[in-house]
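Heads up: the structure comes next, in structure tokens.
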Protein chains: 2
Amino acid sequence: MVRRSGRRPGNQDTRTSILEAARASFAEKGYDKASIRGIAGDAGVDPALVHHYFGNKEKLFLAVMNAPINPGELIPQALSGPRDQAGERLIRLALTVWDSPAGAAALAVFRSALSNEWTARLLREFVVTQILRRAAGEIIDDPAEAPMRTALVATQIAGTMVARYVLRVEPLASAEPEVLVAAIGPNIQRFLTEPLPEVFKQP
Amino acid sequence: MVRRSGRRPGNQDTRTSILEAARASFAEKGYDKASIRGIAGDAGVDPALVHHYFGNKEKLFLAVMNAPINPGELIPQALSGPRDQAGERLIRLALTVWDSPAGAAALAVFRSALSNEWTARLLREFVVTQILRRAAGEIIDDPAEAPMRTALVATQIAGTMVARYVLRVEPLASAEPEVLVAAIGPNIQRFLTEPLPEVFKQP
DNA sequence: CGATGAATTCAACGGTAGATGAATTCTGAG
DNA sequence: CTCAGAATTCATCTACCGTTGAATTCATCG
């Protein structure tokens, strides 16, 4: 690569500090209520600089989400293992990710999806293609039941995320992850493998 | 040229048409994104008229919610009956309310609570004082376990509402209520009455 | 009829938002 | 040192927002 004349991209500190401020702000307020002006303020920077680096708010959001969300390894790891403990492994994976540093990005996507249409589509596609489709093939026996079973699993996991991280309902918000794994895992397991009610068995 | 200014004959029910437009708009967009200007537009009315009738946006929201949300009869009815079917009755009650005309108001409160602090407080107080506290006394044996059990129940019900009514995930959104009652009820029952994991039994 | 007052609209204020393009500062290559 | 070009800022534009007060119309009462 030929070095062209001019200032080197040496000071990319500000670029990442914008990204950090954006991640925190999106996680705390969701896509709509997080403002570029506020993010720029948190990063100690002029709002126009955000546009200079990221183009617009949508691209900034995507840039924030691109880095940390990479479930290539985690998901298969959560799916392998005793089939009758898959429920526990799924909820444990969710809690582990959300309590980790990358959890801010996950919370940002989730919170945004609850109040914004295009981020909701983003989340749906991500969940469907990256998580549920794999889980369906690995764990659920009858393919015809997979959509309903995975959707039911999604209700329990989404509800846990809403209560613990969005609404911060006690004692859930302060509970140890393993407590929730032990309490919620079996219910997810039931959605995965136990017989569905007969009323569902009609096309 | 039609003069559009000033009092127009006949229409005495503009107040209710504002309320209807507001209920629909709050349910669809939540408190923050629903605008008084948009509501007034849907009602075919000047925005200032909304203020004339309801004072401000907060009071309009409360006026919309005041009428249909009156759980005085429904809740006791859902709690009375065989104890081992309380889970099914709870999720059935939720689905019944949300699928009824009053459901728009419930959805408005819920959706707003997910992205707005003071509506979240409103929902929490309502849920705690009107629903959970009664359920705790009637169904849960050990009072010490009541907070965790009711919170777990809340995760499953809130998750169902999020998936079915907010994110509109299929096949949940189109499922018959009784299918969901049969599928989800037993899991709520488990949160209510089956033993909690030992890991929880330490203060 | 004229007066009253409620129903309704108009125009405007102050605020925040995302976005844009020109102007300025800085830095390193030649 | 010079100077191009990247980094950064400034001043604005447009578009909504909730809210307000004054102005208009009109049904009704005396």
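What you see below is based on every heavy atom in this structure, not just the backbone, and it leaves out hydrogens, waters and symmetry mates. Being a predicted model, the structure only gives us computed values, none of them experimental.
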Could you check whether [X] pairs with [Y] (Lys NZ or Arg NE/NH1/NH2 to Asp/Glu carboxylate O, under 4.0 Å)?
| X | Y | answer |
| --- | --- | --- |
| E28(A) | K33(A) | no |
| D32(B) | K57(B) | no |
| E88(A) | R83(A) | no |

Which whole-number value in Å describes the distance from [X] [atom1] to [N] [atom2]?
| X | N | atom1 | atom2 | value |
| --- | --- | --- | --- | --- |
| L49(B) | dG18(D) | CG | C1' | 15 Å |
| H52(A) | dG5(D) | NE2 | P | 13 Å |
| R15(B) | dT8(C) | CZ | P | 12 Å |

(Q) Just so I know, are the side chains of L192(B) and L90(B) near enough to count as touching, which here means a heavy-atom distance under 4.5 Å? (A)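 They are in contact (side-chain heavy atoms under 4.5 Å apart), so the answer is yes.
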Q. Taking the side chain as C-beta and beyond, is there a heavy-atom pair between F54(A) and I18(A) under 4.5 Å?
A. yes
Using nucleotides 16-21 of chain C, report all nitrogen or oxygen pairs with the protein that are shorter than 3.5 Å.
residue: dA17(C); atom: OP1; partner: S35(A); partner atom: OG; Å: 3.4
residue: dA17(C); atom: N7; partner: R37(A); partner atom: NH1; Å: 3.3
residue: dG18(C); atom: OP1; partner: I36(A); partner atom: N; Å: 3.3
residue: dG18(C); atom: OP1; partner: K57(A); partner atom: NZ; Å: 3.0
residue: dG18(C); atom: OP2; partner: I36(A); partner atom: N; Å: 2.9
residue: dG18(C); atom: N7; partner: R37(A); partner atom: NH1; Å: 2.4
residue: dG18(C); atom: O6; partner: R37(A); partner atom: NH1; Å: 3.0
residue: dG18(C); atom: O6; partner: R37(A); partner atom: NH2; Å: 3.4
residue: dA19(C); atom: OP2; partner: H51(A); partner atom: NE2; Å: 3.0
residue: dA19(C); atom: OP2; partner: K57(A); partner atom: N; Å: 3.0

Q | Phosphate OP1/OP2 of dA6(D) contacted by Y53(A) side-chain N/O (<4.0 Å) | A |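 Answer no for this pair, as no side-chain N or O of Y53(A) is under 4.0 Å from OP1 or OP2.
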**Q.** Mutual orientation of the aromatic rings belonging to Y165(A) and W98(A) [parallel < 30°, tilted 30-60°, perpendicular > 60°]
**A.**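 Tilted, since the angle between the ring planes falls between 30° and 60°.
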